[in-house]
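What follows is a single structure, written as C-alpha cells, with notes after it.
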Amino acid sequence: MSLQLDFPAVLERWPSFVAGAALTLELAAFATVLGALLGTLAAVGRGTHNALIAGACKAYVETIRNTPLLVQIFLVYFGLASLGLKFSAFTVAVAALTINVGAYTAEIMRAGFEAIPRGQIEAAEGLALSRLQIYWHIILLPAIERVYPALTSQFVLLMLASSVCSQISAEELTAVANYIQSDTYRAFETYIIVAVLYVILSLVMRAGFWGLGLVLFPRRRRLGTPL
Amino acid sequence: MGGHLNINHLMFLGQGALWTISLSVIALIGGGIVGFVIALARISPLKSVRIASAVYVQLIQGTPLLVILFLGYFGLAAIGLKVSPLAAAGASLTLYVSAYLGEIWRGCIQSVPKPQWEAAEGLALSRTQRMTKVILPQAIRIATPPTVGFMVQIIKNTSLASVVGFVELMRSGQIVNNSLFEPFAIYAIIAVTYFAMCYPLSLFSQRLERRMGRGRSNLAPA
C-alpha cells in the first residue's frame with residue numbers, strides 16, 4: 001500500500017479543466033431552460049381533457065423516468081444519425097439532457113398544479129379574469145413558486161448528470177478528465193480534482209438559484225423559507 | 001456486417017440484465033447499511049458527528065456518479081488494491097446510494113410527529129429504546145414508498161458501471177452492438193429492458209404513496 005499523489009502534474013492542465021467546467025455549465029444552462037419549457041408543456045398536457053394528449057404526455061414522462069440517461073443519450077445520438085441528421089456532440093447532448101430533465105420537471109410541475117386550491121381558481125373566475133390571466137397568475141406562477149426548491153435541485157442534478165455526455169465525447173468536464181488522465185497517467189488525482197470542481201459547480205448553482213429565488217419570489221423571503 | 005440479432009445475443013443481453021439486478025441489490029444493501037448510519041449520524045446529539053455526516057452527504061451529492069465510479073476504480077488501484085470492476089462498481093455505488101438514502105431516511109425519521117418523540121421521552125425511555133421501539137417502526141412505514149422509488153434510480157444508475165468495464169445490461173448491449181452494428185435497435189431493446197425492470201417498481205412506489213396519503217390533508221409537495 002503506497003499511495004503517492006502528484007497533483008502539480010495534473011494541475012498544470014488547469015486551462016483544460018476550466019474549459020471543461022465552463023462547457024458543463026453551458027450544457028446545463030441550455031438543458032435547464034429548454035427542459036423547463038418542455039416539462040411545463042408536458043405537465044399542462046397531462047392535465048388536459050384530451051385523452052390523446054394526456055396519454056402521450058404520460059407515456060413520455062414514464063418512459064424517460066424509467067430508463068437510464070446513458071441509454072437515452074445513445075438512442076438520441078444514433079437515432080439522429082440513422083435519420084441522416086448530423087449534429088455536433090454538444091447539440092446531441094443538449095437534446096438528450098432536455099428530453100431527460102423535461103420528464104422530471106413535468107412531474108414536479110404537475111405536483112405544483114395539483115396543489116393549487118380549487119377555491120383560488122373559482123375566486124379568479126368570480127373576479128372575471130380571462131382564462132389566460134387565470135392560467136398565468138393563479139396557476140402557473142404560484143405553482144412555480146411552490147415547487148421552486150424541488151425544481152432547482154432537479155436542475156443541479158441535471159448538471160451532475162451531464163457528466164454522462166462524456167460517453168458521446170461532448171467535451172465537458174468529465175470528457176476533459178478522461179483525456180487528461182490518459183495523457184498524464186494520473187487518473188486518481190485527475191478525478192479528485194474533477195470531483196472538487198463538480199462540488200464547486202453545484203454549490204455555485206445552488207447559491208445562484210437561491211439568489212434568483214429571492215428576486216423572483218420576494219414573498220418567500222418574508223415567510224423565511226429555507227434554501 | 002456481423003449478421004443479425006439471434007438467440008445467443010439475446011441470451012447475452014439477458015445475462016447482462018441479471019448482472020444489472022445483482023449490482024442493484026449489492027448497491028441497495030451496501031448503500032442501505034451505510035445510509036442508515038448516515039441518517040442516524042445526521043440527527044446525532046453530537047454536533048461534530050452531525051457536521052461530519054452533513055459534509056459527507058454534500059460531497060457525495062455534489063459529485064456525479066460517473067466521477068465517483070472513476071474515483072473508486074482508479075482510487076482503489078492507486079492504493080495498491082487490485083480490484084475487479086464488480087468490486088469497484090459495488091463500492092462506488094454503495095457510497096453514492098448511502099448519501100441519498102441517508103438523506104431520505106433522515107427526513108422520514110424526522111417526520112415522525114413530534115408528540116411521539118416527546119411521549120417516548122416522557123416515558124423515560126433511553127435514546128436507543130426511543131429509537132428502536134417508538135420512532136423507527138413508524139419511520140419505516142413512512143420510508144417505504146420513497147425507498148422503493150429510489151430503487152428505480154439505483155437500477156438506472158448501475159448502467160454507468162459499464163464505463164469501468166462491468167458487463168451489466170448496458171455494457172453487454174455495447175458488446176453486442178460492436179459485432180452487429182445496429183445501435184438503434186439494440187439500444188431500444190436495452191431501453192425496453194430497463195423499463196420492464198423499473199416501471200413495476202415505480203407503480204408499486206406510487207401505490208404505496210397513495211395508500212399512505214389517504215386520509216391525510218393535501219400537503220404541499222417539494
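A quick note: this is a predicted structure, and the numbers were derived from the prediction, not measured.
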In terms of side-chain geometry, is the basic nitrogen of A:Arg110 or A:Glu107 positioned less than 4.0 Å from the acidic oxygen of its partner? yes
Choice from A:Leu201, A:Val156, A:Leu70 maximising heavy atom contacts with chain B below 4.5 Å: A:Leu70
What distance separates A:Phe155 CZ from A:Leu151 CG, expressed to the nearest 0.5 Å? 5.0 Å
Region of B:Gln61 that comes under 4.5 Å of a non-hydrogen atom in chain A: backbone
With chain A, the option among B:Gly75, B:Ala77, B:Ala196 that has the most non-hydrogen atom pairs under 4.5 Å is B:Gly75
Engaged part of B:Thr193 at the chain A interface, taking heavy atoms whose separation is under 4.5 Å: neither
With a 4.5 Å cut-off on heavy-atom pairs, point out which of A:Ala161, A:Ser163, A:Ser153 contacts chain B the most. A:Ser163
Does a side-chain N-to-carboxylate-O contact under 4.0 Å join A:Glu62 and A:Lys58? no
Which portion of A:Ser162 sits near chain B, non-hydrogen atoms under 4.5 angstrom: neither
Interface moiety of A:Leu69 toward chain B, non-hydrogen atoms closer than 4.5 Å: neither
Between CE on residue B:Met151 and OG on residue B:Ser202, distance to nearest 0.5 Å: 10.5 Å
Separation of A:Gln181 CD from A:Arg13 CZ (nearest 0.5 Å): 11.5 Å
Tell me, out of A:Thr63, A:Asn66, A:Thr190, who's got the most heavy-atom pairs with chain B below 4.5 Å. A:Asn66
Measure the acute angle between the ring planes of B:Tyr100 and B:Phe150, then classify it against the limits of 30° and 60° as parallel, tilted or perpendicular. parallel
Tell me, for A:Thr67 versus chain B, whether the close heavy atoms (under 4.5 Å) come from the side chain, the backbone, both or neither. both
Chain B heavy atoms under 4.5 Å from A:Glu189: which part of the residue, side chain, backbone, both or neither? neither
So what's closer than 4.5 Å to chain B heavy atoms on A:Gln167: side chain, backbone, both or neither? side chain
Would you mind telling me which of B:Asn178, B:Leu180, B:Ile175 makes a side-chain contact (heavy atoms from CB on, under 4.5 Å) with B:Ile186? B:Leu180
Who wins among A:Tyr191, A:Phe78, A:Phe74 for the most heavy-atom pairs under 4.5 Å with chain B? A:Tyr191
Given heavy-atom pairs under 4.5 angstrom as the criterion, report whether the side chain, backbone, both or neither of A:Thr174 touches chain B. side chain
Under 4.5 Å from any heavy atom of chain A, what part of B:Gln206 do you find: side chain, backbone, both or neither? side chain
Looking only at the side chains, is there a donor atom on one of A:Gln154 and A:Thr105 sitting less than 3.5 Å from an acceptor on the other? no
Going by distance alone, is a donor N or O of one side chain under 3.5 Å from an acceptor N or O of the other, for A:Trp210 and A:Thr152? no
